[in-house]
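Below is one structure, written out as structure tokens, with a few remarks after it.
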Amino acid sequence: MQYLHTMVRVSDLDAALHFYCDLLGLKEISRKDSEKGRFTLVFLAAPADEARAREDRAPMVELTWNWDPETYSGGRNFGHLAYRVDDIYALCEHLQANGVAINRPPRDGHMAFVKSPDGISIELLQAGEPQPPREPWASMENTGTW
């Protein structure tokens, strides 16, 4: 058995790509538009997985955008996507500076949670050992749900 991808439905493809690619740092691997089905599929991979994703078509996140508007709920019921990151503090600072709420701050230098524009929880995990706790993260409270 091999893990291939996780599909997430998005209501605004541009907003989703801005979040996942421009802010989170994922790379677009492929895209498919279906006129008949009236949807677009965009496959993304973490930078460290890009070569493998291009060769094996895995591991990836599949963004599914249905052209006819739909309302999605239950992002938290989905669970979450998890990514190992090189510097959890730097990424959280970057996300926050771009208007992304840090729902569970990296108080422990190890783990944080944010949400995509469609309410999908994203877990960020520090690569290797946790970084030493530092402000403002160490004393920051949780915001919303994650």
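- Between the side chain of Arg104 and the main chain of Met111, a donor-acceptor pair closer than 3.5 Å is present.
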Item to check | Trace of the side-chain contact (heavy atoms from CB on, under 4.5 Å) decision for Leu81 with Thr6 | outcome: CA-CA 8 Å; Leu81 302 174; Thr6 298; 3.8 Å; yes
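- For Asp22, the salt bridge (Lys or Arg N to Asp or Glu O under 4.0 Å) test picks out no residue, with sequence neighbours left out.
- The main-chain N or O of Gly144 is never found under 3.5 Å from a side-chain atom of Asn103 such that the two would form a donor-acceptor pair.
- At a threshold of 4.5 Å between non-hydrogen side-chain atoms, the residues Ile122 and Tyr83 count as touching.
- Checking Leu26, Asp49, Ile29 one by one against Leu44, the side-chain contact (heavy atoms from CB on, under 4.5 Å) holds for a single residue, Leu26.
- Expressed to the nearest 0.5 Å, how far OG1 of Thr143 lies from NZ of Lys115 amounts to 11.0 Å.
- Tested against Leu91, the residues Asp86, Leu23, Leu24 include a single side-chain contact (heavy atoms from CB on, under 4.5 Å) partner, Leu24.
- A salt bridge does not link Glu70 to Arg38: none of the charged nitrogens lies less than 4.0 Å from a carboxylate oxygen.
- The line from OG of Ser30 to CG of Leu41 is 8.5 Å long, rounded to the nearest 0.5 Å.
- Between Leu124 and Leu95 the shortest side-chain heavy-atom distance falls below 4.5 Å.
- Under the ring-ring contact (aromatic ring centres under 6.0 Å, His included) criterion, the residue pairs touching residues 17-52 are His5-Phe43, with sequence neighbours excluded.
- Although no hydrogens or angles enter the test, the distance criterion places no donor-acceptor pair under 3.5 Å between the side chain of Asn66 and the main chain of Asp68.
- Annotation: the span from Trp137 atom CH2 to Ile88 atom CD1 amounts to 9.5 Å, rounded to 0.5 Å.
- Using a 4.5 Å heavy-atom cutoff, the side chains of Gln131 and Asp87 are in contact.
- Arg107 contributes a side-chain N or O that, together with a main-chain N or O of Met140, makes up a donor-acceptor pair within less than 3.5 Å.
- Taken together through direct or relayed side-chain contacts under 4.5 Å among Ile, Leu, Val, Met, Phe, Trp and Tyr, Leu13 and Met60 form parts of separate hydrophobic clusters.
- Counting only residues at least two apart or in different chains, ring-ring contact (aromatic ring centres under 6.0 Å, His included) contacts with residues 94-123 comprise His80-Phe113, Phe113-Trp146.
- Contact of the Leu4 side chain with the Arg57 side chain is not registered, since no non-hydrogen atoms from C-beta on lie closer than 4.5 Å.
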